[in-house]
Amino acid sequence: MIAFVSGTVAALAPDAAVVEVGGVGMSVQCTPDTLSTLRLGQPARLHTSLVVREDSLTLYGFADDDARQVFVLLQTASGVGPRLAQAMLAVHSPDALRRAVATGDEKALTAVPGIGKKGAQKLLLELKDRLGAPTGAPVVGAPVTQGWRDQLHAALIGLGYAGREADEAVSAVTPQAEAAEGTPQVGVLLRAALQTLNRAR
């Protein structure tokens, strides 16, 4: 098991980063929140979970160990694979997921692409005793210095939305982004964009 990777960020994509570790480029699948903390050419340390399949080895990376642990716990629920677990963490912080499960918030779970009403009800039952209680105040995503539109659009495409839907969602949250003090935060905007998409469906 690869518990973490530490090295220089060699490349960034909409849903992954390549971290150079001892001369080897490790491709790590990441949520937009995690990617927004990384900078090309800068050192990074990502907590990781290795998912082994018959035909693939995929490394998932997280900014902190709490997110990694929640990622692993989510997959103990039936029907939740690594991609859906990552989508859940792209939409909600670990604590927001704990809150949603602790309070039986079905709506919060259906905000995740791929989770319907019945799926949310099942997940609330299965995860109730596994995730634990929220640990603190809501965590706001890390600030992004540039290209929030591109990152947000790419994140929505990565979650399975069509280009037109992603364009509309980015337009819908632009006033919120422009009203924000300082630089817009992709994690917060992604959650808002997903809410507008769910209302439109």
Side-chain angles (χ1 to χ4, degrees), residues 1-76 80-98 112-114 131 135-136 138-161 166 170 177 182-191 193-194:
M1 162 90 177
I2 300 171
F4 69 88
V5 296
S6 184
T8 304
V9 179
L12 288 169
D15 59 352
V18 176
V19 180
E20 187 179 331
V21 183
V24 177
M26 308 278 274
S27 178
V28 187
Q29 299 288 310
C30 303
T31 63
D33 261 9
T34 299
L35 287 169
S36 71
T37 66
L38 306 177
R39 297 288 176 269
L40 213 53
Q42 296 295 310
R45 180 184 169 109
L46 292 172
H47 297 265
T48 56
S49 176
L50 181 65
V51 176
V52 181
R53 295 282 184 266
E54 273 183 31
D55 57 348
S56 67
L57 294 171
T58 310
L59 207 54
Y60 290 85
F62 307 92
D64 58 54
D65 198 50
D66 185 35
R68 185 193 66 78
Q69 286 179 20
V70 169
F71 173 77
V72 172
L73 283 170
L74 289 172
Q75 291 173 75
T76 63
V80 179
R83 288 192 75 78
L84 184 56
Q86 191 181 41
M88 290 169 80
L89 284 163
V91 178
H92 299 294
S93 68
D95 247 18
L97 281 172
R98 289 191 190 98
V112 179
L131 283 189
T135 54
V139 178
V140 174
V144 176
T145 51
Q146 58 184 358
W148 67 265
R149 282 184 180 83
D150 292 341
Q151 285 200 19
L152 180 58
H153 191 275
L156 290 165
I157 297 291
L159 288 170
Y161 287 99
V170 170
T183 51
Q185 297 172 326
V186 171
V188 174
L189 293 174
L190 178 62
R191 290 187 258 286
L194 287 165

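Along the sequence shown, residues carry numbers from 1.
- Residues R45 and F4 approach most closely at NH1-CE1, 3.4 Å, considering heavy atoms.
- A distance of 12.0 Å separates CD in E20 from OG in S6, rounded to the nearest 0.5 Å.
- Between P82 and V51, the closest heavy-atom pair is CG-CG1, 3.8 Å.
- By the side chain to side chain contact (heavy atoms under 4.5 Å, CB included) test, L12 is found to be paired with V9, A17, L35, L38, L40, residues two or more places apart in sequence or in another chain being considered.
- Smallest separation of non-hydrogen atoms from A63 and H47: O-CD2, 3.7 Å.
- F62 and L89 make their closest contact through CE2-CD1, 4.0 Å (heavy atoms, listed as atom of the first residue, atom of the second, distance).
- In this structure, L152 and P32 have side chains that are not in contact, with every pair of non-hydrogen atoms separated by 4.5 Å or more.
- Looking only at side-chain heavy atoms (C-beta outward), T31 and L190 stay at 4.5 Å or farther from each other.
- Atom CZ of R98 sits about 8.5 Å away from atom OG of S93, to the nearest 0.5 Å.
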Practice prompt. Would you please test H92 and V70 for side-chain contact (heavy atoms from CB on, under 4.5 Å) and show each step?
Written response: CA-CA 11 Å; H92 299 294; V70 169; over 6 Å; no
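- Looking at T48, its side chain never comes within 3.5 Å of a backbone N or O of L59 through a donor-acceptor pair.
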Discussion item. Test side-chain contact (heavy atoms from CB on, under 4.5 Å) on T37 and D33; report intermediate values, then the result.
Written reply: CA-CA 7 Å; T37 66; D33 261 9; over 6 Å; no
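- Annotation: side-chain hydrogen bond (donor to acceptor under 3.5 Å, both in side chains) contacts involving residues 53-65, sequence neighbours excluded, comprise D65-R68, D65-Q69.
- Heavy atoms only, all atoms of each residue included: A85 and L74 are closest at O-CD1, 3.8 Å.
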Worksheet item: Does the pair M26 and I2 meet the rule for a side-chain contact (heavy atoms from CB on, under 4.5 Å), with working shown?
Response: CA-CA 11 Å; M26 308 278 274; I2 300 171; 4.0 Å; yes
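- No donor-acceptor pair under 3.5 Å is formed between the side chain of R83 and the backbone N or O of V80.
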